[in-house]
Each structure stands twice: as C-alpha cells, then as structure tokens.
Amino acid sequence: MKVLIVEDQPRLGDFLRRGLSERAYTVKWTKSCAQARDALSEFSYDLIILDLGLPDGDGLGLLCEWRRCGFNEPVLILSARDTLEDRIKGLDLGADDYLPKPFSFDELLAHIRSLMRRHATVKQAVLEYAGIRMDLMGHSVQAHGQHLDLTSREFALLEVFMQNAGRTLTRSYITERIWPGLVDTNLLDVYMSRLRSKLGPESGGSVFKTVRGVGYQLK
Ligand code: CA
C-alpha cells in the first residue's frame, strides 16, 4: 500500500516514515505543498497523510485543489489545529478523517485501517470521465454512448488513464502498469494511437494530450 506523507516537521515526518515503512507500507515523504503537488501529479496513492501548516501554504488549500481536480485518494489530516471548527472545515473540504496532534502511533494505525476498510467498500466499479464510461466488473467501455471493442491490453491502458484522469502520466509509469518489466519502447505509442482511433475522432483525438518528453494525459 502506497502512502504519501505531507509533513514539514522533520522529527514527526521521519517518525511516520519509519513507523509506516516498518509495517510494510510504501512511503513517500514530502515536506511542502510544492513537493506534495509534484508527487501526486506523478503517482496515485492509497492514502495521503496531510499536515495543515506547511512552509509554502496551507494543507487545506492543497486538499481543495486535489478534490477540484478529481483526485479521490483518501486523505487523513494530522493537525495541531484541533478545534471543532477546524475539524468540520477539513472534513467539509473533502478530508476523510482528522486526527489531532499529538497522537499515538497505534491510534494512527487504527485510523488508517478504518479508512482503508471504508475506502475498499466504495472502490468504484464504474469509471466515468470525458464522455467515456468504463464498467470494470462487466469489462465494457462506452464512449458517448457507443460501445467500444477493446482488447484486454487496451482496456487496461484506458483504465490507467481513467483512474488518473487529469493527471500527466509518465511513459515509465504507464508502461510499468501495462507491461511490467518492459523497458520503455514505442509499444506505448502504438497502443495510444490504437486507443485514440478506437475512441473515435470526436473524442479520442482530443481527450488524450501528448506531453512531449513526459507522457500522456487524459484531459
Ligand atoms: Ca507543520
């Protein structure tokens, strides 16, 4: 499970990183809004632990920005601001849980487990974006109401984009998900062009943006 920690306080950040790594979580520790923004634009995470007082801005602003972009990672706010108003504000802005500092590590783990259980049950079976509708259980895709016939690789590729809509995905990130272990080749470009043509000129040509030197984005 991948966890993104956004915490500028060195001791607490290091404590979280070590504690979670020891429990087999894969941890990325960022110390500012800018670093967190970069991390999340590149990868998706199973959980984000978010501090509010950050050197270059407010964690709540960051949360707002992510929710506006459609990033639906569960967010657990860790903050010394613990008035009822603060908690309500955080939850209203799209946080999934709020744990006031100071906290015990066991308490944090319990919150994480509960959040993961809740999130697992609401994991989406249907993804919809930009006129495209993917039914992950029924393994079918429609674009603007028209059924599309995709191979299993094309389906997997489209799903990676649908799960990360609006995000620029690097070539290596996409390749690793569809063809694990394969060194970057032009196979991805071949599949992207197939996907574009199957999605049709009215959507496929315009929904995918090629980000030169980086990768692709589902707009
Ligand atoms: Ca802080």
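As the structure is a computational prediction, the values presented were derived from the model and not from experiment. For ligands, and for the atoms within them, numbers begin at 1 and follow the listed sequence.
- In this structure, R177 forms a cation-pi arrangement with Y173, its terminal cationic atom sitting closer than 6.0 Å to the ring centre and no more than 45° off the ring axis.
- Annotation: cation-pi geometry satisfied between R194 and Y191 (NZ/CZ under 6.0 angstrom from ring centroid, within 45° of ring axis).
- Inter-residue side-chain proximity for V27 and R17 is flagged as met; some heavy-atom pair is nearer than 4.5 Å.
- The atom of D51 that is an N, O or S and sits closest to the Ca ion (ligand 1) is OD2.
- As for D8, its N/O/S atom nearest the Ca ion (ligand 1) is the one called OD1.
- At a cut-off of 3.0 Å, A80 does not coordinate the Ca ion (ligand 1) through any N, O or S atom.
- Checked for salt-bridge contact, R37 and E65 meet the test: a charged N lies under 4.0 Å from a carboxylate O.
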